[in-house]
Amino acid sequence: MALNGIDAVVFGVADMAEAKRFLDDWGVSQISAAPDKLVYQTRDGGEVIVRPHDAPDLPPPIENGNTVREVIWGAANQPELDKTLQSLRTVESFRTGPDGLARATDPNGLSLAFRVSKRAPIVVKPTPTNAPGTHQRVNQRAPVRTQAHPINIGHVVVFADDLAKMRAFYLEKLGFVLSDEYPGFGVFTRCQKVGGHHNLFMMSRPGKPGINHVAFTVQDIHEVIGGGIAMSKKGWKTEIGPGRHPISGAYFWYFENPLAPPLEYYADEDFCTEEWQPTTYERKPELFAEWAIDGGIDGTTRRQLAPRDRSLRGHA
Ligand SMILES: [Fe+2]
């Protein structure tokens with residue numbers, strides 16, 4: 001498989017200072033901060049790049065407001081990158097940018113760039129669990145985490161103007177693999193056969209392409225919860241979460257933010273190999289969330305902010 005993950009996401013934003021404040025709280029590491037360019041990294045070296053929305057060298061937006069302007073996909077090495085580029089060369093929008101990176105525009109209008117990955121995958125050990133007869137955590141206290149440190153940028157979810165065209169582009173031109181599907185509505189895909197359940201989920205929304213969210217992997221549910229509570233404590237508003245997706249199995253927490261549509265912490269998604277059997281699902285609300293907290297958890301009281309208390313969600 002030619003591509004091995006998301007190497008960077010480029011955001012175009014209206015307020016660089018607010019974006020910086022959010023990323024400092026989100027737990028990614030600042031690499032550089034210029035007035036017209038912020039660069040932060042996840043633990044594996046994946047990059048969050050933020051530019052003013054009107055920077056002349058940014059690819060055009062696919063929707064109004066703060067949003068993703070480009071996704072940079074990585075390949076393990078040059079031969080693997082070349083394999084992807086070979087099939088992409090037949091795409092009309094294929095080009096080489098001024099920075100030397102190969103680029104193409106997907107059928108949704110989103111700019112994609114490709115490079116030999118700068119990430120160095122890291123191995124983490126989630127908190128071991130105990131159950132009667134199976135004790136993985138012995139003479140060891142379970143942690144309470146107080147801050148997330150995202151490991152990588154795991155997936156992007158988009159609203160597809162033409163889902164069939166998007167499905168064909170990613171599966172046939174970029175070598176993505178189908179993980180699960182809502183026929184005619186949503187397609188979960190991963191960029192390599194052996195990997196996390198999805199790197200790209202596409203949902204049909206004819207006439208209105210856009211970004212649904214961008215997701216950052218953390219090591220376990222305790223980091224989803226601890227990281228989310230830290231964000232709440234700093235005044236950032238929950239979009240929805242914490243909760244758990246039945247499809248992919250992941251625990252999630254989504255936050256409103258000044259970079260784009262929601263950003264997500266998630267952990268414990270299904271891991272797939274060639275043996276994974278894609279399933280088709282009929283759309284039902286319980287397939288988005290096995291359970292979820294609407295409005296988040298207050299960082300101080302550690303209790304749910306009920307929907308009626310949403311005015312309180314922004315308090316620090
Ligand atoms: Fe997600």
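In each ligand, atom 1 is the first atom listed, and ligand 1 is the first ligand listed. All values below were derived from every heavy atom in this structure, side-chain atoms included, with hydrogens, water molecules and symmetry-related copies excluded.
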#### Entry: Among the N, O or S atoms of E264, the one nearest the Fe ion (ligand 1)
OE1

### Query
Should F201 and I211 be regarded as members of a common hydrophobic cluster, given that ILVMFWY residues are connected when their side-chain heavy atoms come within less than 4.5 Å of each other, either directly or indirectly?
no

### Task
Check whether the ring centres of W26 and Y265 lie less than 6.0 Å apart, and answer yes or no.
yes

### Query
Hey, is there an N, O or S on H245 sitting under 2.8 Å from the Fe ion (ligand 1)?
no

### Query
Mind checking whether the Fe ion (ligand 1) has an N, O or S of H198 under 2.8 Å?
no

### Output field: ring centroids H213/Y254 closer than 6.0 Å
yes

### Query
Under 6.0 Å between ring centres, would you say that holds for F94 and F114?
no

